[in-house]
Amino acid sequence: MASILDQYEQASQSSQRPKPVTEPMVSSGYINMQLEDYTPMFSKKRMMLKNLTGVITHAAVANDYIVLAMHKEDEKKKLFRLDLKNSNDHGEEIEYLSYVHPNSKLNAIFLDPLGCHLLMAFVPRSKDTHGYPELVYLHQNSKKFKQVTKSKNLEVTEVGWNWENTSRVSTGPILLGTSQGHLFETELETDSDKMYTASNQYWREIFDIGRGTEMPITGIQFQRVNKTRKYFIFITTRTRLYQFIGDAIMQDDKPSLQSVFYPYLTRPETDFQAIPSNLKYSKLQFFFDKNDTPKTFAWLTEPGIFYGQLDPSSQQNSNSLFTQSTLITYPTNDEEKESAPLSFALTEFHALLMYSDRVKVISLLSHELVYEDIYTEAHGKLRSVIRDSKKRTIWAVTDISVFRYKVIREERNLWRIYCDKEEFDLAKDYCFNNPAFIDIINVKQAELLFSKGDYEKSAEVYADTQSSFETICLKFLELEQTNALKIYLAKRLDSLKDDDKTLISMLVIWMAELYLSQLGLLRRTGKEDSNQYLQIQSDFEVFLLHPKVTKCMHHVKSIVYDLMASHGDKHNLIKLMIINEDYENVIAQYIDKKSYLEAIQTLQTLKKPELFYQFAPSLIENCPKHMVTALMSQGTRLVPGRLLPAFLSCQNDEQHISEIIRYLEFILQHFNVKDKAIHNYLLTLYVEHDHEMLSRYLARQGQDVTLVNYDVHYALRLCREKNLSVACVNLSALLGLWESAVELALQVDLHLAKNIANMPEESELQRQLWLNIAEHVITKNQDMQEAMNFLKECSLIKIEDILPFFSDVVTIDHFRQPICESLQEYNQEIEGMKTEMEEATIAAECVRAEIQSFRNRSVTVLVSDACCLCDITLLLRPFYLFPCGHKFHSDCLTAETLPILTPTRRNKLTDLQRQLSVLPNIELSAITSSGLSLREILKNEIDDIVASECIFCGEYMIKCIDKPFIADEDWDRVMKEWE
C-alpha cells in the first residue's frame, strides 16, 4: 500500500490535466473516438541512492553520469559519482578539500556532455579570508584532482563545452567565463594519472565582455555551423545576451575561436540583446536534437524567459542569430510572491522552472502552465533541475534527494495550440494522422476562411472534413458562390470511390449544370470572348476529361447531352461526342505515363503537324533521339521555325544539343532552308558547343554578305563573347570592317591577316591594309628581310611607304636596291604621264574645234514637237533642247531628275528654286559683280544641275540598264490595261 507521502505526490503531479476538447463533435463524422490522452505528461520518480549520506550542494548530470557535491555532518566535503549505465555501480565518494586552499569553498561544478570531464570552481569563503579562486579538474576514471594552474586567481563562473568532442581523454577546445567578464579558450587533456593543459596557445584570453567592470558570465554555448569553419557563440551575463558568429581557424580539425571575436572588438554594447534584471544570476540553455544540433535556446532573466529558434545558417546581414524570439513571462497567482525561478531546464516544447519548493512546467508555444510539482519539506529544498542532452532525460536535485522526470508525449497538445494560433499546417503535422484531430482542424480552418470571404480556399478545406454535405452546399448557395461550390464538389468527387456510382453520377450532372449555366450567362451578356469565359471553358474541358467523369459518361451521357442542348452549347456538345477520338488527350496521357515512345508512334501515325508542335517540347526533353528521328521523317510537312520554342526549352546538355544539331543540319542539307532564325540558332549552338563545325559552317556560307542566311552582326557578337578570334576576323571581313579584321587577325595569325588584306577589290584599301600589316610587323621585329618580302608579296606597297616604320638606327644602305628599283618605276611613270599629257593636249584641241563648230550649229523646233516625257506640245512651256535631239519641258525634266540626284545636289536645287520664288523682283534684277543679274545666276545654276546631261543618253540611262520597264507595284494596273 502506498504511503501517505507517495499518495500526496501522485495527487500533486496529476493536479494539472489537459484541457478538454471544446469543439462540438457534431461537425465530425467520427464517433466514440477518445480525443484526449490522460496519461500524465510529466511524472517524477525518486532515485534510491544508497551511498548518498550528506547534504547536496551542487549537481551535474551528463550522458547518464551523475556527479553530486555533498557537505557531511563531520564537515567533510565529498564528491559523489554514479554511472547509471553500469548496473553494478552503486556510486563512490571522493573527498576534495585536500586538493584546494583550506579557506576555499565550492562555487560551481561543470560536467562535459560525455560525462568524462569534470571542472570544479572554488572561491574564497569570504573577502576577509585568505585564499584565491581555483579551478580543479577530475576525469571520470580518476580519483585524483588536478589543478588547472593557468586559471589561478580567476573565478570561473561558466564553461562552454565542445559538443563535437568525442574524446574521453581530451575536452577539445573549450571556453571559460569568469566573474570579471573575461573569456578564455583552452583545452584539457589527461594521460593516466597525469593531467596538463596544452601549450600556451591553448590557454589565452580571447574576449573581455566586462571591459574593466565586474560582469560575471552566466552562460556559454558555442556550436559549429553545418560542418564548416563557421561557428556561432552565445554568451550571457545577468542582463545581456551576446551573439557572435564568424570563421574559426582550424588546426588539426580543432577550432581556434579567437578569430570569431575579431569583428566584435569595437562593437558597442547596444548591438546586443539586453533585458533589465535585478537578479544576481541568469541561465542559458540550448535544446539539442538527436543529432546534437541546437534548435532552440532559452535565457532565464527576471522579467521572463527569452526564447527563440536558432537558425545561424540563414544569417546574412542581420545581427541576430535567432528567429521568432519572444519573452515568456513566468506563471504566477495571487498567493505567490516569488516570480523568477532559480533555475530551469529546456525541452523541445516546454520549460521546467525550478523554484525553492516546486517545479512548474510552461508551454513554450502557448505560454501556459501545463504542470506543477510541489516539493515538501520531506524532499528537501530544490537545488537544481538538469536536462541530460545526450540521454534526453530530466533530473531534479534537492538537498537530500535526486528525482528523475519522465516525459511522455509532450507534443500531444501541440495540434490544439497551433490550431488556436491559426497555424493549421503545423497543427496537422502534430496530429500524427489522428483523423478526429485533423477533422477538427480542417473545420476550424474552413470556417475561418469562410468568415474572411475566401470562399474558394474555404471550399477546398471543407471538402476534406466530415461536415454535412448538404450544410456546406447550402452555405455557398445562399451567398451565390458558384466557383467555391464547384471546387467543393470537385474535391468531394475526387474523394469518392469507384463503387459510389450513384454519388459520382449526381456530382457529375450537378457540376456540368454549373459550368453550362456560367458559360450560358456569359454568352447572353456578350462576354463570350472575355478571359473569364475562356477560363471557365478551359476548366469545363478539364472536368470532362476527368477519369471518373469519362467513366461515368457511359451512364449519364444522354442527360448531359440534354443539358448542353438546353443551354444551346453546341461547341461543348460536339466536343463531348467526339471525346473517344480525342487524339490530343491520348498523346497527353502517354506523356503523363512517361510512355514517350508510344506517344511518338501515335504522332507519326496521325501525321498532324500541330500535334508535333504542341508535344515537341516534352518529347524532345525526355526522348530526344527518337523524337528528332520522327521530326526528320516528317520532312517538309513541318515548319522548322515553329519547332524552335521546343528546342529552346530543352536541357542544355550534350545529348539534347547533339540531337538538335542533327535535325538542323538535316533540314539545311536536304531542304535548303533559308529561315534566318534557324541559321542563327544553329550558329549559336556551334559557337557554344562545336567550334570546328562553326568554321565549316561559315566557310560554306561564303563571303558574300547578301547571300549568307544568318545574321552576321549577331554572329559577330556571339563570337566576340566566346573569344573566337578567327571567326571574328572572317565575320568582320564579311561586314566590310577590313581594318578591324586585319587588326584582330594580326593578334591571331600573320598569314590570316595577309589573306584578309587581299580580299577587298579596291586597290587603295588593299594598299592601306597591307601598310597596317607592314607597320605592325616591321615596328615589332625591325626585320629587313621581312620588309623585302612585303614588297614582293604586295605590288601596291613601295619602299618609301615602309621606310617610316624602321627605327633611326637603320641606314639607307640597307635599302639601296629597292630604292633604285622604285626610282626606275617612277621614271617610267613620268614618261608615261608625259605621253598621256601629249594625248590630252591633242584631245583638247579636238574639243576646242568641236565647240567652235557648235557655235554655228542650230536646231529647228517645230510647232508640232512634243516633250519626250509628257508628250505635250513643247512650245507651251519653257523647255530644254539637247544636242542629241531630245526635248523636255523644264518642269518635266526637273521632276524626272530630282529622284536620281544625290542628297546634296537635291537640297541645293530645292534651295535655288525657293530663292527664285521667294525673292522680290528688285533683288532678282539686281546686277551682281559678274555682270549678270541674280535671276540669271540662279537659273544658270539650276540648268547646271537639271540639264547637265540628257537623261535618255547620259550616264543615268546606262546605270538603269538592269531596271525593269514595269515596276512590281504597276503590274496589276498594266495587266488590266492589256486586257
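Here the structure is a predicted model, which means the values were calculated and not measured. Just so you know, residue 1 is the first one in the sequence shown, and it goes up from there.
In this structure, Asp64 and Asp83 approach most closely via the heavy-atom pair O-OD1, 3.5 Å. Considering all non-hydrogen atoms of both residues, Glu189 and Ser170 come closest at CG-OG, 3.7 Å. Closest approach of Ile386 to Ser384, counting heavy atoms only: CG1-OG, 3.3 Å. The heavy-atom pair separating Glu185 from Ser256 by the smallest distance is OE2-CA, 3.4 Å. Nearest heavy atom pair, residue Asp388 against residue Ala62, reads OD2-C, 3.5 Å. The shortest non-hydrogen separation linking Lys295 to Asp289 is CE-OD2, 3.0 Å.
Residues Thr398 and Phe403 form a side-chain contact, since some pair of their non-hydrogen atoms from C-beta on lies under 4.5 Å apart. Residues Glu410 and Val370 are not in side-chain contact: their nearest non-hydrogen atoms beyond the backbone lie 4.5 Å or more apart. Put simply, the side chain of Leu352 reaches to within 4.5 Å of the side chain of Thr347, judged on heavy atoms. Looking at heavy atoms from C-beta onward, Glu158 lies out of side-chain contact with Thr218 at the 4.5 angstrom threshold. In this structure the side chain of Glu348 never reaches within 4.5 angstrom of the side chain of Glu411, judged on heavy atoms. Between Trp163 and Arg224, the closest side-chain pair of non-hydrogen atoms is not below 4.5 Å. Within the 4.5 Å cutoff, the side chain of Ile235 has no heavy atoms near those of the Phe207 side chain. For the pair Ile417/Phe349, no side-chain contact is recorded, criterion being any heavy-atom separation below 4.5 Å from C-beta on.
When the shell of 6.0 Å around NZ of Lys421 is examined, it contains more than 12 heavy atoms from other residues, nucleotides or ligands. For Lys390, the NZ atom is densely surrounded, since the number of other residues' heavy atoms within 6.0 Å is greater than 12. In this structure, Lys280 places its NZ atom where only 12 or fewer heavy-atom neighbours from other residues, nucleotides or ligands lie under 6.0 Å away. With a 6.0 Å radius and a threshold of 12 heavy atoms from other residues, nucleotides or ligands, Asn153 has its CG atom above the threshold.
Relative orientation of the Tyr375 and His379 rings is perpendicular, given thresholds of 30° and 60° on the angle between their planes. The aromatic rings of Phe272 and Tyr264 sit tilted relative to each other, their planes meeting at an angle between 30° and 60°. Note on ring orientation: taking the six-membered ring where Trp is involved, the planes of Tyr99 and Phe145 are tilted (angle from 30° to 60°). Taking the six-membered ring where the residue is Trp, Phe234 and Phe232 present perpendicular rings, their angle passing 60° and hence far from 30°. Between Phe184 and Trp203, the angle of the ring planes stays under 30°, which puts this pair in the parallel group of the 30/60° scheme.
Judged by distance alone, with hydrogens and angles left aside, the side-chain atoms of Thr239 form no donor-acceptor pair with the main-chain N or O of Pro276 at under 3.5 Å. A donor-acceptor pair is defined here as one N or O able to donate and one able to accept, closer than 3.5 Å; such a pair exists between the side chain of Arg383 and the backbone of Ile56. For Arg387 (side chain) and Ile394 (main-chain N/O), no donor-acceptor pair under 3.5 Å exists by modelled atom type.
With ring centers used as reference points, Phe122 lies 6.0 Å or more from His101. In summary, the aromatic rings of Phe42 and His350 are positioned with their centroids under 6.0 Å apart.
How far CG of Leu138 is from NZ of Lys143: 10.5 Å, rounded to the nearest 0.5 Å. Note: Leu364 CG to Leu346 CG = 6.0 Å, rounded to the nearest 0.5 Å.
A cation-pi geometry, defined here as NZ or CZ lying under 6.0 Å from the six-membered ring centre and within 45° of its normal, does not hold between Lys360 and Tyr330.
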